[in-house]
Undergrad: 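Dropping the structure in here first, questions after.
Ligands are counted one by one from 1 in listed order, and the atoms in each one are counted from 1 as well.
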Amino acid sequence: ICRTMAAENGLPPPAPPEEPLVVGRPNVLDVEGFLKDITEILSTRLLTNHGPFVVRLERAAAEYLGVAYVVAVANGTIGLELALRALDLAPGAEVLLPSFTFVATAHAVRNAGLKPVFVDVDEATHFPTPEMLARAATNKTRAVVAAHLWGRAGDAASLEAFAAARGWPVVYDSAHAFGARHADGAFCGGRGRAEVFSLHATKLLNSFEGGLVATNDATLAARVISTRNFGFAGQDTIAHGGTNAKLSEPHAALALRHLRCVDATISIYRRVARAYGDALRRRGLIPNLVTYWNEPRLDDERDTHAYVIVRVRPAFGLNRDAVMRALRDRGVHAKRYFFPGVHKQRPFLDCPALDLETTDALNSDILILPTGTVVSAADVERVVAALCDVRDHRRDYAAAPPLAPREFDTSHYAAALRTIGTERD
Ligand SMILES: Cc1ncc(COP(=O)(O)O)c(/C=N/[C@H]2[C@H](O)[C@@H](O)[C@@H](OP(=O)(O)OP(=O)(O)OC[C@H]3O[C@@H](n4cc(C)c(=O)[nH]c4=O)C[C@@H]3O)O[C@@H]2C)c1O
């Protein structure tokens with residue numbers, strides 16, 4: 001199936017008009033191969049507990065990334081938590097991390113018994129700088145977590161140099177960064193004490209759910225292998241704290257099938273990002289009405305363009321939320337990750353969050369547009385045409401009331417919450 005996808009070299013046929021274009025529609029590749037794997041799993045009855053598909057996935061991912069160890073876990077969030085627990089920091093030790101990330105990053109810090117301290121990010125890279133760490137650091141700071149967002153690696157070298165000089169280990173949330181490369185050309189995966197990838201359904205390299213803890217640190221790898229399995233260190237020996245964070249065989253099998261296609265998948269994401277650049281420029285939307293974050297590096301083979309990011313500029317004549325509502329009326333379900341900001345979320349209001357101007361600015365005007373192996377060239381035209389149409393009909397939306405979060409909450413659990421009658425907010 002990679003061959004046909006690659007042979008097509010174009011993009012898949014456009015989605016039928018009635019189907020909305022959404023951010024996060026999963027890649028589902030090599031279904032035939034996967035169904036063969038499921039038959040094998042069911043016939044061998046090796047369903048989980050570090051079975052052959054998990055072993056194959058870990059080895060194939062380590063080989064692809066060029067790292068010594070990859071440990072498969074149930075999801076990226078628990079992978080981050082276990083990597084942080086493996087650092088053996090004192091309970092309540094302060095960890096510097098960006099607020100401009102998915103809430104999972106902060107949950108993992110807290111769930112590891114540590115205290116999140118939020119730092120700002122750079123406007124161009126969406127990644128924290130040493131200066132931002134310096135501003136938030138105290139004598140209780142013991143580690144740093146940084147997130148490589150949108151399929152682009154941040155400046156890890158300067159961050160690590162700053163942290164190393166203070167004896168702080170660095171763990172990367174690389175949930176978005178599978179296949180992306182650092183400035184030195186190495187794949188994300190081998191820097192810091194560990195880099196943790198998410199294999200969630202909405203990710204470039206996806207399974208149903210899943211995570212990969214990548215590291216060159218044997219001690220950390222051994223600890224995560226043990227803590228994901230209740231802390232076992234032998235048949236009847238529990239060596240330390242633990243949980244059940246194992247990845248099942250079917251999850252591993254789908255991730256392995258997708259890993260074999262990942263270069264073709266990345267080339268499609270890059271092609272979609274370039275198609276957006278052409279269409280946004282051709283229709284006069286950039287640079288004044290929106291800025292296209294991906295544009296400066298459309299030809300940079302280090303980025304995967306796992307996400308397509310624009311910022312709605314004041315000249316557009318409508319704020320980001322009104323544009324999002326108007327796009328939804330036109331069948332384009334854009335996202336406003338990570339609105340309103342992790343530091344503004346109830347569980348984290350007690351965490352220090354100094355000078356987060358760029359984070360607040362990004363959360364006020366960033367818009368994530370649909371991409372992925374399901375998005376065709378015609379779909380890209382449809383999204384950009386919808387943006388133009390919104391621009392042309394901006395007066396219709398100028399008076400639109402601000403959005404209540406639940407209006408945009410298409411996620412399954414919002415529906416689940418509604419069935420049991422408790423609204424999200
Ligand atoms: C920086 C960062 N760090 C850590 C993590 C944690 O990794 P994990 O523990 O999740 O492995 C994430 C996860 N980041 C992801 C989450 O994994 C995901 O749930 C998604 O959360 P939503 O976007 O709220 O998903 P949802 O609204 O349900 O789906 C998006 C669209 O995709 C469609 N969809 C979605 C799913 C899940 C599907 O199975 N099929 C499908 O068609 C429907 C919907 O319109 O977004 C986050 C950015 C992350 O972004």
Undergrad: Run the ring-centre check on H107 versus F348 and record whether the distance is less than 6.0 Å.
TA: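 Yes, the ring centres sit under 6.0 Å apart.
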
Undergrad: Run down the list A108, G24, A201, S207 and name the one with the heavy atom closest to atom 32 (O) of ligand 1.
TA: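 Among A108, G24, A201, S207, the closest heavy atom to atom 32 (O) of ligand 1 comes from G24.
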
Undergrad: May I ask which of P98, A74, G79, S198 has a heavy atom nearer to atom 8 (P) of ligand 1 than the others do?
TA: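 Looking at heavy atoms only, the winner is S198.
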
Undergrad: Taking 4.0 angstrom as the limit and counting only heavy atoms of V23, give me the atoms of ligand 1 inside it, by number and element.
TA: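 Within the 4.0 Å cut-off of V23, ligand 1 contributes 30 (C), 31 (C), 32 (O).
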
Undergrad: Between L80 and ligand 1, which part of the residue brings a heavy atom under 4.0 Å of the ligand: side chain, backbone, both or neither?
TA: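 For L80, there is no contact with ligand 1 at all, from either part.
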
Undergrad: Are Y64 and F178 an aromatic pair by the rule of ring centers under 6.0 Å?
TA: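 They qualify: ring centres under 6.0 Å apart.
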
Undergrad: Using the side chain to side chain donor-acceptor pair (under 3.5 Å) definition, which of the options D300, D303, T125, N294 pairs with R152?
TA: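 When D300, D303, T125, N294 are each tested with R152, the side chain to side chain donor-acceptor pair (under 3.5 Å) holds only for D303.
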
Undergrad: Does the gap between the ring centers of H126 and W293 come in under 6.0 Å?
TA: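 Distance test on ring centres: under 6.0 Å, yes.
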
Undergrad: Over all heavy atoms of both residues, which pair between L65 and C188 is shortest? Give the atoms and the distance, please.
TA: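 Result for this residue pair: CD2-O, 3.5 Å.
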
Undergrad: Taking the minimum heavy-atom distance to atom 10 (O) of ligand 1, which of E81, H200, K335 ranks first?
TA: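 The residue whose heavy atom sits nearest atom 10 (O) of ligand 1 is H200.
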
Undergrad: Going by ring pair (Phe, Tyr, Trp, His ring centres under 6.0 Å), Y307 matches just one of Y269, F102, W150. Which one?
TA: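 Filter result, single survivor: W150.
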
Undergrad: Consider every N or O of Y307 and every N or O of ligand 1, then say whether any pair is closer than 3.5 Å.
TA: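 Y307 vs ligand 1: no N/O contact under 3.5 Å.
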
Undergrad: Are R311 and E123 ion-paired here, with the side-chain N under 4.0 Å from a carboxylate O?
TA: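 Salt bridge between R311 and E123, a charged N being under 4.0 Å from a carboxylate O: yes.
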
Undergrad: Can T105 and D173 be said to form a side-chain hydrogen bond (donor to acceptor under 3.5 Å, both in side chains), step by step?
TA: CA-CA 7 Å; T105 320; D173 177 341; 2.7 Å; yes

Undergrad: So, regarding F338 and ligand 1 (criterion: nitrogen or oxygen to nitrogen or oxygen, under 3.5 Å), is there a contact or not?
TA: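 By distance alone, the answer is no.
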
Undergrad: Examine the proximity of ligand 1 to Y337 and report which part, side chain or backbone, both or neither, has a heavy atom under 4.0 Å away.
TA: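 The part of Y337 near ligand 1 is the side chain, not the backbone.
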
Undergrad: Give yes if a backbone or side-chain nitrogen or oxygen of T202 is under 3.5 Å from a nitrogen or oxygen of ligand 1, and no if not.
TA: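 No, T202 has no N/O under 3.5 Å of an N/O on ligand 1.
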
Undergrad: Is A147 touching ligand 1 with its side chain, its backbone, both, or neither, if touching means heavy atoms under 4.0 Å apart?
TA: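 Neither part.
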
Undergrad: Given the ring of F316, does R313 sit roughly above its face, with NZ or CZ under 6.0 Å from the centre of the six-membered ring and within 45° of the axis?
TA: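 Output no; distance or angle outside limits.
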
Undergrad: With the threshold set at 4.0 Å, does a side-chain nitrogen-carboxylate oxygen contact exist between E19 and R25?
TA: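 Salt bridge present between E19 and R25.
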
Undergrad: Give a yes/no verdict on whether any heavy atom in G210 is under 4.0 Å from an atom of ligand 1.
TA: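 Flag set, G210 near ligand 1.
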
Undergrad: Output the list of atoms in ligand 1 that are nearer than 4.0 Å to some heavy atom of A104, sorted by atom number.
TA: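 Atoms satisfying the 4.0 Å criterion: 4 (C), 5 (C), 6 (C).
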
Undergrad: Compute the shortest N/O to N/O distance between D173 and ligand 1 and return yes if it is under 3.5 Å, no if not.
TA: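 In this structure, D173 places an N or O atom under 3.5 Å from an N or O of ligand 1.
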
Undergrad: Taking only residues two or more places apart in sequence or in another chain, which ones pass salt bridge (charged side-chain N to carboxylate O under 4.0 Å, His left out) with E94?
TA: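 Partners of E94 under the salt bridge (charged side-chain N to carboxylate O under 4.0 Å, His left out) test: none.
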
Undergrad: With under 30° as parallel and over 60° as perpendicular, where do the rings of Y172 and H148 fit, or are they tilted in between?
TA: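 Ring orientation, 0 to 90° scale: parallel.
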
Undergrad: Answer with side chain, backbone, both or neither: which part of V22 has a heavy atom less than 4.0 angstrom from an atom of ligand 1?
TA: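 For V22, only side-chain atoms sit under 4.0 Å from ligand 1.
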
Undergrad: Answer yes or no for H333: is there a heavy-atom contact with ligand 1 below 4.0 Å?
TA: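 Heavy atoms of H333 never come under 4.0 Å of ligand 1.
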
Undergrad: Return a yes/no value for E209: is any of its N or O atoms, backbone included, closer than 3.5 angstrom to an N or O of ligand 1?
TA: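 Looking only at distances, the answer is no, because the N/O contact criterion of under 3.5 Å is not met.
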
Undergrad: Report yes or no: does G211 have a heavy atom closer than 4.0 Å to ligand 1?
TA: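 Heavy atoms of G211 never come under 4.0 Å of ligand 1.
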
Undergrad: Counting from 1, what ligand 1 atoms have a heavy atom of T101 closer than 4.0 Å?
TA: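 Answer, ordered by atom number: 1 (C).
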
Undergrad: With a cut-off of 4.0 Å, which atoms of ligand 1 are near a heavy atom of T105?
TA: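 Atoms satisfying the 4.0 Å criterion: 3 (N).
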
